[in-house]
Amino acid sequence: QVQVIESGGGLVQAGGSLRLSCEASGRNWSHADMGWFRQALGKEREFVASVKYNSGSANYADSVKGRFAISRDNAKNTVYLQMNSLKPEDTAVYYCAVADSIVVSTTTYNITVVTTTNANWGQGIQVTVSS
């Protein structure tokens with residue numbers, strides 16, 4: 001049984017930090033890409049960050065570059081999201097995705113397109129940043 005479970009969310013003041021964790025179980029995840037997405041109230045789900053299984057290279061949304069850092073521990077099938085300098089606009093439900101692939105590309109008009117293949121999603125965890 002595949003499970004993807006997030007932890008570490010909560011309430012923090014603007015400028016503070018939180019670390020999200022996501023553990024995947026139920027199959028061999030050693031070749032899976034891992035990522036984080038978020039959905040604010042009334043908005044669509046958006047990409048936050050991802051990390052490749054092979055090279056460990058990471059991609060970030062422009063809105064979090066320089067503030068968030070994604071990392072993974074393949075031995076634990078776990079991906080982390082260290083969030084620093086949090087802003088009220090970071091308030092959202094954060095979802096972990098573990099997929100055969102997470103591909104991040106940028107179009108000619110500088111629009112980020114994220115494609116996931118066979119993604120397994122966590123139930124989501126609330127992050128609230130107060131001003």
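Nothing here was measured: the structure is a model prediction, and the numbers come from that model.
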* To do: Nearest 0.5 Å please: distance from the CZ atom of Arg72 over to the OG atom of Ser50.
  => 10.0 Å
* To do: For Lys43, enumerate each residue passing the side chain to side chain contact (heavy atoms under 4.5 Å, CB included) test, keeping only those at least two apart in sequence or located in another chain.
  => Ala40
* To do: Might you work through the side-chain contact (heavy atoms from CB on, under 4.5 Å) test for Tyr53 and Asn74, ending with a clear yes or no?
  => CA-CA 8 Å; Tyr53 81 90; Asn74 289 337; 5.7 Å; no
* To do: State which residues pass ring pair (Phe, Tyr, Trp, His ring centres under 6.0 Å) with Phe37; sequence neighbours excluded, sorted by chain then number.
  => Phe47, Trp121
* **Co-membership, hydrophobic cluster, residues Val64 and Val129, 4.5 Å side-chain** => yes
* Mind checking side chain to side chain contact (heavy atoms under 4.5 Å, CB included) for Gln3 and listing every partner two or more places apart, or none if nothing turns up? => Gln1, Ile5, Ser25
Could you list the donor-acceptor pairs under 3.5 angstrom formed between side-chain atoms of residues 12-21 and any protein atom two or more places apart in sequence or on another chain?
unit_1, atom_1, unit_2, atom_2, d
Ser17, OG, Asn84, OD1, 2.9

* To do: Under the side-chain hydrogen bond (donor to acceptor under 3.5 Å, both in side chains) rule, collect the residues that match up with Glu6, sequence neighbours excluded.
  => Gln123
* Step-by-step side-chain contact (heavy atoms from CB on, under 4.5 Å) determination, Arg38 to Val127 -> CA-CA 9 Å; Arg38 67 187 182 186; Val127 170; over 6 Å; no
* **With Glu89 via side-chain hydrogen bond (donor to acceptor under 3.5 Å, both in side chains) - residues at least two apart** => none
* By salt bridge (charged side-chain N to carboxylate O under 4.0 Å, His left out), which residues pair with Arg45, not counting sequence neighbours? -> none
* Looking at residues at least two apart in the chain, or sitting in another chain, which of them share a side-chain hydrogen bond (donor to acceptor under 3.5 Å, both in side chains) with Thr128? -> Gln126
* hydrophobic_cluster_shared for Trp36 and Val4, side chain cutoff 4.5 Å -> yes
* Start with the C-alpha distance between Asp62 and Lys65, add both sets of side-chain angles, then the distance that settles salt bridge (Lys or Arg N to Asp or Glu O under 4.0 Å), and finish with yes or no. => CA-CA 5 Å; Asp62 288 343; Lys65 281 181 181 176; 3.1 Å; yes
* **All pairs passing side chain to side chain donor-acceptor pair (under 3.5 Å) where residues 103-115 contributes a residue, at least two apart** => none
* To do: Enter the distance from Lys52:NZ to Ile70:CD1 here, rounded to the nearest 0.5 Å.
  => 11.5 Å
Return all side-chain donor-acceptor pairs below 3.5 angstrom for residues 95-104, not counting sequence neighbours, or 'none' if the list is empty.
unit_1, atom_1, unit_2, atom_2, d
Asp100, OD2, Asn118, ND2, 2.7
Ser101, OG, Thr117, OG1, 3.1

* **Listed partners of Asn59 passing side-chain hydrogen bond (donor to acceptor under 3.5 Å, both in side chains), at least two apart** => none
* Asked: Quick one: OH on Tyr60 to CZ on Arg67, what's the gap to the nearest 0.5 Å?
  -> 12.0 Å
* Which residue pairs satisfy the salt bridge (Lys or Arg N to Asp or Glu O under 4.0 Å) criterion with at least one member in residues 104-126, sequence neighbours excluded? -> none
* Distance-minimising heavy-atom pair for Met83 and Tyr94 -> SD-CE2, 3.9 Å
* Same apolar cluster (I L V M F W Y, side chains within < 4.5 Å links), Val114/Val93 -> yes
